[in-house]
2 protein chains.
Amino acid sequence: MFTKQELKEFCDNARLNYLDHISIDCVIFGFHEGQLKVLVLKVKGEDAWYLPGGFVLKKEPLDTAANRILKDRTGLDKIFLQQFHVFGDPDRSRPHNEMYRDLIPPEENWFSHRFLTIGYYALVDFVHANPTPDSHSEMCAWRDLNDLPKLELDHGLILKTALDTLRLQLNYQPIGYNLMPKEFTMPELQKLYETILGQKLDRRNFQRRMLGFGILNRLDRPRKGGAHKAPYLYSFDLKNYQDALKEGLKGGW
Amino acid sequence: MFTKQELKEFCDNARLNYLDHISIDCVIFGFHEGQLKVLVLKVKGEDAWYLPGGFVLKKEPLDTAANRILKDRTGLDKIFLQQFHVFGDPDRSRPHNEMYRDLIPPEENWFSHRFLTIGYYALVDFVHANPTPDSHSEMCAWRDLNDLPKLELDHGLILKTALDTLRLQLNYQPIGYNLMPKEFTMPELQKLYETILGQKLDRRNFQRRMLGFGILNRLDRPRKGGAHKAPYLYSFDLKNYQDALKEGLKGGW
DNA sequence: CACCATGGTGTATTTATAACACAATACTAT
DNA sequence: ATAGTATTGTGTTATAAATACACCATGGTG
């Protein structure tokens with residue numbers, strides 16, 4: 001993965017610029033052709049897959065770092081991105097800690113210590129994202145949730161936790177603005193929900209519920225060209241959408 | 001707060017044993033006499049208040065560290081304790097970073113860098129907790145939520161975030177096992193919910209809802225000695241309670 | 001022993017959720 | 001053309017949950 005020289009340079013640079021022992025890993029969800037996708041990276045010359053991640057600059061806010069990582073991997077900015085958990089098992093980064101053990105002495109090896117990672121998850125527009133590998137990856141690609149490679153370290157757990165969080169979030173926050181194109185039909189939006197939740201929903205009740213939230217505008221023209229009855233197009237009412245994000249869709253109590 | 005000698009010893013010890021740049025802060029909630037309480041610490045000889053906190057041993061899991069801190073401050077163990085957010089503003093610990101700037105050189109000063117803190121919140125039994133100050137505090141005390149001293153650093157924000165999380169949690173998880181005594185009456189439990197939520201609830205609907213969850217056992221004896229009709233005593237059905245904790249009280253969708 | 005504050009239980013009303021039916025549309029096959 | 005078919009739009013009904021409110025029971029007080 002790294003030659004000795006590369007490693008030394010990376011470590012010297014990292015020690016100077018990044019917070020020690022801290023990383024950020026991002027679970028970046030996209031939606032395409034009825035499938036929920038996740039962005040994953042493949043290491044150069046190895047069959048090893050990771051979530052996009054990175055480190056925190058010494059004076060950089062955490063959210064800014066996560067946004068920077070997101071932008072580096074997708075080109076996208078100003079998007080729903082949320083911290084959801086810290087993963088800090090003492091052994092979680094052991095494979096990495098030991099990977100370079102014999103290459104350079106531990107005191108020069110920035111990776112020789114335990115790392116905590118802060119998990120963020122993002123919902124992004126599949127078609128506008130431009131997956132871009134980082135310097136030690138040969139590939140940055142969308143993978144279907146049902147067709148994932150085994151992820152290294154605890155990245156499988158991180159992904160699962162993000163998905164659980166997303167499903168929970170669906171109960172009290174609007175979802176979709178960043179995952180759907182600007183204009184979309186109700187069946188397309190429903191497909192997104194069904195995919196995230198992993199279950200079928202009733203078409204008519206779904207529509208009533210969505211419209212009830214007041215976050216959708218119906219455009220007075222249909223999507224043409226389909227093989228059947230042309231569905232109406234909708235767009236999100238951004239103002240109401242963001243109000244709902246703050247408030248939570250329903251109160252409870 | 002520290003003499004130069006004390007500081008040096010602390011730093012040498014910390015560098016050896018703890019993860020750098022990481023702390024844990026705990027928002028420990030208790031409930032007593034109809035009031036929601038939070039455990040806070042007062043620094044020796046200063047009018048400065050903090051949330052209970054501490055550091056993570058080099059090979060210690062995060063949850064274990066949080067439990068250790070909780071036990072050190074309250075004597076209590078095996079209690080609802082949950083990570084809820086990481087606070088990582090680059091300036092959040094600046095007052096601390098600068099506090100000892102002139103006392104010892106930065107390379108010897110463990111506090112000279114930015115700290116991230118992982119927020120945990122706990123719900124504990126007020127009467128069984130034994131508030132115990134740590135080494136640099138003169139006092140560890142319960143304070144009413146409505147009568148809080150100004151907290152140092154971003155501890156006010158940490159507390160507020162914990163409270164928001166707790167209120168949200170109330171919608172889909174059972175609460176109360178660790179906050180209530182073993183046996184309690186329905187009005188007492190209701191008071192807890194009202195206090196957390198900051199609003200009145202209907203007595204009869206509250207009772208129906210709670211019983212509907214199936215997490216309460218009614219003991220066939222009343223609480224005697226009150227000035228009015230004696231209410232029944234209840235206890236939590238621990239098995240069902242823990243099942244509900246896992247499942248979430250309601251599904252949504 | 002009437003009074004009263006509180007607790008236990010029951011019942012309407014309203015609201016939300018779930019289940020289901022039918023008409024309209026636009027392409028396909030013949 | 002035209003019947004067939006898959007899909008969408010828009011209901012209506014049935015069920016369950018949340019809310020609001022009424023009444024009786026109890027155990028102390030004056």
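Because the structure is predicted, anything quoted here is derived from the model rather than measured. Convention: sequence-line order gives letters A, B, ...; per-chain numbering from 1. Hydrogens, waters and symmetry mates play no part in the numbers below; they use all other heavy atoms, side chains included.
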Polar atoms only, N or O, under 3.5 Å: list the protein pairs with nucleotides 20-25 of chain D and their distances.
residue : atom : partner   : partner atom : Å
dA20(D) : N7   : Asn205(B) : ND2          : 3.1
dA20(D) : N6   : Asn205(B) : OD1          : 3.4
dA20(D) : N6   : Arg208(B) : NH2          : 3.1
dC21(D) : N4   : Arg204(B) : NE           : 3.1
dC21(D) : N4   : Arg204(B) : NH1          : 3.3
dA22(D) : N7   : Arg204(B) : NH1          : 2.9
dA22(D) : N6   : Arg204(B) : NE           : 3.4
dA22(D) : N6   : Arg204(B) : NH1          : 2.5

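Contact detail for Cys26(B) and Ala66(B): the closest heavy-atom pair is SG-O, 4.2 Å.
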What donor-acceptor contacts under 3.5 angstrom involve side-chain atoms of residues 27-40 of chain A, with partners at least two apart or in another chain?
none

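If you take CE of Met210(B) and C1' of dT19(D), they are 16 Å apart, rounded to a whole angstrom. Atom pair Phe184(B):CZ and dG7(C):P shows a separation of 15 Å (rounding to whole Å applied). Between the P atom of dG7(C) and the CG atom of Leu211(B) lies a distance of 15 Å, rounded to the nearest Å. The interatomic distance linking Gln190(A) (CD) with dG9(D) (C1') rounds to 13 Å, in whole Å. Between the P atom of dG9(D) and the OH atom of Tyr232(A) lies a distance of 7 Å, rounded to the nearest Å. Computed from coordinates, the Lys191(A) NZ to dT8(D) C1' distance equals 16 Å when rounded to whole Å. The distance from atom CG of Leu201(A) to atom C1' of dT8(D) is 17 Å, rounded to the nearest whole Å. Rounded to a whole Å, the CE atom of Met186(A) is 11 Å from the C1' atom of dT8(D).
Residues that satisfy the salt bridge (charged side-chain N to carboxylate O under 4.0 Å, His left out) test with Arg203(A), not counting sequence neighbours, are absent from this structure. Applying the ring pair (Phe, Tyr, Trp, His ring centres under 6.0 Å) test to Tyr241(B) and every residue at least two apart in sequence or in another chain returns Tyr177(B), Phe236(B). For Asp237(A), the salt bridge (charged side-chain N to carboxylate O under 4.0 Å, His left out) test picks out no residue, with sequence neighbours left out.
The side chain of Gln207(B) places an N or O atom within less than 4.0 Å of a non-bridging phosphate oxygen (OP1 or OP2) of dT9(C). A close approach under 4.0 Å does not occur between any side-chain nitrogen or oxygen of Arg218(A) and OP1 or OP2 of dT8(D).
Sorted by first and then second residue, the side chain to side chain donor-acceptor pair (under 3.5 Å) pairs with a member in residues 119-130 of chain A read Asp63(A)-Tyr120(A), Tyr121(A)-Gln169(A), Asp125(A)-His128(A); sequence neighbours excluded.
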